[in-house]
Amino acid sequence: MENKLKYDVVVMGGGISGSMAAVAAASSGARTLIVESHGFLGGTLTANGVGPMMTFHAGDKLAIRGFTDQLIERLKRQGKSPGHIFDTVGFTYSVTPFDAEAMKHELELMVTESGGEILYHTMLAGVKAEDGRIVGIKVCNKSGLTDIEASVFIDGTGDGDLSVGAGAEFTKGRESDGAMQPMTLKMKMYNVNIPKVKEYIHAHPEDFPLYNGDTSIIEKAPRLSVGGFDSLFRKAKERGEISIQRENVLFFETNNPGEVILNTTRILGHDPTDAFSLSLAEMEGRKQCRELELFVRKYIPGFENAVVESTGPNIGVRSSRQIKGVYTLTAEDLLEQKLFDDTIAHSGYPIDIHSPDGEGTKHQKLEWGGMYSIPYSCMITNSVKNLIVIGRCISATFEAQAAMRTTPTTGAIGHAGGVAAAYAAKHGVSVQDVDIKAVQAQLKAQGAHLEI
């Protein structure tokens with residue numbers, strides 16, 4: 001059975017970027033549909049177990065505002081997030097813990113309150129493009145196959161699935177060899193004795209090199225974020241108890257005291273755009289999570305009675321395809337804080353590359369408080385007139401993508417994509433011909449932070 005639907009704007013993918021795009025497009029007057037393969041919104045934050053969000057700040061400046069920050073304010077009012085708190089890992093400015101179940105509901109409310117519609121349990125089954133336009137897409141769900149038409153389509157799939165189906169050019173992975181950052185299967189545990197964990201950290205500062213001997217940092221926030229336990233992890237690897245090719249243990253306390261997310265597994269050599277490779281990666285991730293569970297319960301004080309709440313549910317992907325846009329964002333653009341006439345978002349998160357080759361994580365940071373810009377021209381192609389790309393698969397080099405891929409930044413990018421799509425649909429122009437000044441003005445009116 002085939003059905004047909006028609007909208008002004010269709011967002012494919014309901015992650016944080018797609019959700020913000022749908023809220024923005026609908027709030028800007030476009031009849032908007034967001035299509036999501038799961039039964040909830042939030043993407044990496046809810047379907048992959050990622051947390052906390054990091055970072056909304058550049059130094060003391062709240063660099064990411066608008067609908068993405070409004071989501072956090074809504075959660076704070078319900079006691080479902082402490083808001084933006086000091087990063088006790090010592091890596092960036094702030095982290096933003098949250099309750100994942102509450103986030104699912106709030107995102108739904110934000111989309112529906114803005115007038116947007118949501119279609120769950122639905123996957124992209126085909127793209128029809130003619131003369132440089134997406135004529136329509138075919139999706140598959142419990143109702144069968146459905147054809148959907150729209151004036152403008154937004155690719156929020158993360159992997160650029162919609163864009164590739166429309167014929168857009170792309171790169172994948174590291175420019176030199178195509179290798180991608182490793183995937184990670186997150187593990188969430190509860191009943192962790194945080195005071196006992198802190199006692200160990202204070203007693204063994206040498207195991208936490210980021211602190212440079214000063215562990216007082218862990219007392220500066222109401223939730224604990226920490227990376228370390230280096231000697232414990234190294235000895236477990238030497239004994240063959242751990243096979244994870246990573247140098248330390250990294251975990252973050254959620255909004256709920258004593259509940260932590262372990263961001264420690266490292267799944268190398270798999271391709272998230274290949275279904276069989278992705279399946280093998282999921283299995284390897286569960287194997288590593290089991291090793292990690294046994295390790296933390298046996299060796300890290302405070303985890304003796306911790307219980308695994310969930311893994312995933314889906315594996316987390318840091319990078320895959322990057323769509324070739326009108327402009328490609330580079331590491332130099334970020335580090336030099338290049339200004340663009342078509343800036344639509346800012347971020348202060350550093351370049352953060354988890355090595356595709358094994359152990360090691362490479363960082364390049366701006367000076368304290370440095371803030372870079374992201375241009376609209378990274379979100380559109382030269383070839384498809386009614387396609388806007390958002391999220392982690394915008395046009396960027398391997399290094400630049402490693403900075404702009406995190407959730408607050410992709411939320412801000414999605415916000416801009418939704419505004420631009422609504423403008424193009426309303427005025428009947430291609431996405432390449434939108435009035436960027438009008439888009440920037442609308443973003444500011446919707447609370448986004450722009451320095452232009």
Spacing of I64 atom CD1 and I72 atom CD1 [to the nearest 0.5 Å]
11.0 Å
Y200 atom OH, neighbour heavy-atom count above 12 within 6.0 Å
yes
Pair Y299 + F233: ring centers closer than 6.0 Å
no
Applying the side chain to side chain contact (heavy atoms under 4.5 Å, CB included) criterion to Y120, which one of N141, L41, V35 satisfies it?
L41
Determine, stepwise, if the pair T273 / K172 fulfils side chain to side chain donor-acceptor pair (under 3.5 Å).
CA-CA 10 Å; T273 67; K172 191 160 60 172; 3.1 Å; yes
Closest heavy-atom contact between A422 and S28?
CB-CB, 3.6 Å
Tell me, do M103 and M53 make a side-chain contact under 4.5 Å, heavy atoms counted?
yes
Gap separating the OH atom of Y211 from the OG atom of S216, nearest 0.5 angstrom
10.0 Å
Inter-residue atom distance I217.CD1 - L210.CG, 0.5 Å rounding:
8.5 Å
Would you mind checking if E359 and K237 are paired as a salt bridge, meaning a charged N to carboxylate O distance below 4.0 Å?
yes
Can a side-chain donor-acceptor contact be found between D87 and S225 if the only test is distance below 3.5 angstrom?
no
Does a side chain donor of either S320 or D159 reach within less than 3.5 Å of an acceptor in the other side chain?
yes
Check whether any side-chain heavy atom of E293 sits under 4.5 Å from a side-chain heavy atom of C289, and report yes or no.
no
Just wondering, are more than 12 heavy atoms of other shown residues or ligands nearer than 6.0 Å to CD in E113?
yes
Check the side chains of T328 and S395 for a donor-acceptor pair under 3.5 angstrom, ignoring hydrogens and angles.
yes
Check whether any side-chain heavy atom of E253 sits under 4.5 Å from a side-chain heavy atom of P222, and report yes or no.
no
State whether D357 and R174 are salt-bridged, where the test is any N-O pair (Lys NZ or Arg NE/NH1/NH2 against Asp/Glu carboxylate O) under 4.0 Å.
yes
Please determine if K104 forms a cation-pi arrangement with F40, meaning its NZ or CZ atom is less than 6.0 Å from the six-membered ring centre and no more than 45° off the ring axis.
yes
Does a salt bridge link E106 with K80, judged by any charged N lying under 4.0 Å from a carboxylate O?
no
Any donor-acceptor N or O pair under 3.5 Å, side chains T44, R392:
no
Please determine whether a side-chain nitrogen of the Lys or Arg among D352 and R318 lies less than 4.0 Å from a carboxylate oxygen of the Asp or Glu.
no
Test log, rule side-chain contact (heavy atoms from CB on, under 4.5 Å), inputs Y349 and M54
CA-CA 8 Å; Y349 191 79; M54 58 192 299; 4.1 Å; yes
Flag for T171-Q322: side-chain donor and acceptor within less than 3.5 Å
no
Stepwise side-chain contact (heavy atoms from CB on, under 4.5 Å) test for M404 and I394
CA-CA 9 Å; M404 51 65 47; I394 65 170; 3.7 Å; yes
V226 versus I201: any side-chain heavy-atom pair under 4.5 Å?
yes
Minimal non-hydrogen separation, P82 against K76, with atom names
C-CG, 4.2 Å
So do T32 and D8 actually touch side chain to side chain, heavy atoms under 4.5 Å?
no
Taking all non-hydrogen atoms of both residues into account, name the closest pair between G18 and I34 and its distance.
O-CD1, 3.4 Å
With the threshold set at 4.0 Å, does a side-chain nitrogen-carboxylate oxygen contact exist between E241 and K235?
no
Nearest 0.5 Å please: distance from the OG atom of S279 over to the CD1 atom of I315.
10.0 Å
Result for side-chain hydrogen bond (donor to acceptor under 3.5 Å, both in side chains) between S243 and one of Q288, K287, R266 points to K287
For a quick check under 3.5 Å, do Y190 and N305 share a side-chain donor-acceptor pair by atom type?
no
Taking side-chain hydrogen bond (donor to acceptor under 3.5 Å, both in side chains) as the criterion, tell me which of R246, E247, Q181 meets it with T361.
E247
Can you find a side-chain donor-acceptor pair between T409 and S347 that sits under 3.5 Å?
yes
Dump the intermediate steps for side chain to side chain donor-acceptor pair (under 3.5 Å) on S81 and N255, then the final yes or no.
CA-CA 5 Å; S81 172; N255 178 69; 5.2 Å; no
Judged by modelled atom types alone, do Q364 and E399 share a side-chain donor-acceptor pair under 3.5 Å?
no
Would you name the heavy atoms of A129 and A166 that are closest together and state the gap between them?
CB-O, 4.0 Å
Taking side chain to side chain contact (heavy atoms under 4.5 Å, CB included) as the criterion, tell me which of T406, L62, T407 meets it with F56.
L62
Less than 4.0 Å between a side-chain N and a carboxylate O, is that true for D147 and K138?
yes
Could R297 and F303 be counted as a cation-pi pair, given that NZ or CZ must be under 6.0 Å from the ring centre and within 45° of the axis?
no
Taking C-beta and beyond as the side chain, do H363 and P350 meet within less than 4.5 Å on heavy atoms?
no
T397/T330 under side chain to side chain donor-acceptor pair (under 3.5 Å): CA gap, chis, key distance, verdict
CA-CA 5 Å; T397 64; T330 69; 5.8 Å; no
Nearest non-hydrogen partners of P408 and T68, listed with the distance:
O-CG2, 4.1 Å
Within the structure provided, determine whether D333 and Y327 are in side-chain contact (heavy-atom separation under 4.5 Å).
yes
Calculate, to the nearest 0.5 Å, the distance between atoms CG and CZ belonging to L292 and R286 respectively.
15.0 Å
Are H121 and H38 near enough that their ring centres are under 6.0 Å apart?
no
Identified side chain to side chain contact (heavy atoms under 4.5 Å, CB included) partner of F251 from the options V89, V197, I261:
V197
V10 and I137, any side-chain heavy atoms less than 4.5 Å apart:
yes
May I ask you to decide if E101's main-chain N or O and D99's side chain share a donor-acceptor pair within less than 3.5 Å?
yes
Does the ring center of F229 lie less than 6.0 Å from the ring center of H204?
no
Roughly how far, to the nearest 0.5 Å, is the OG1 atom of T311 from the CG atom of L262?
11.5 Å
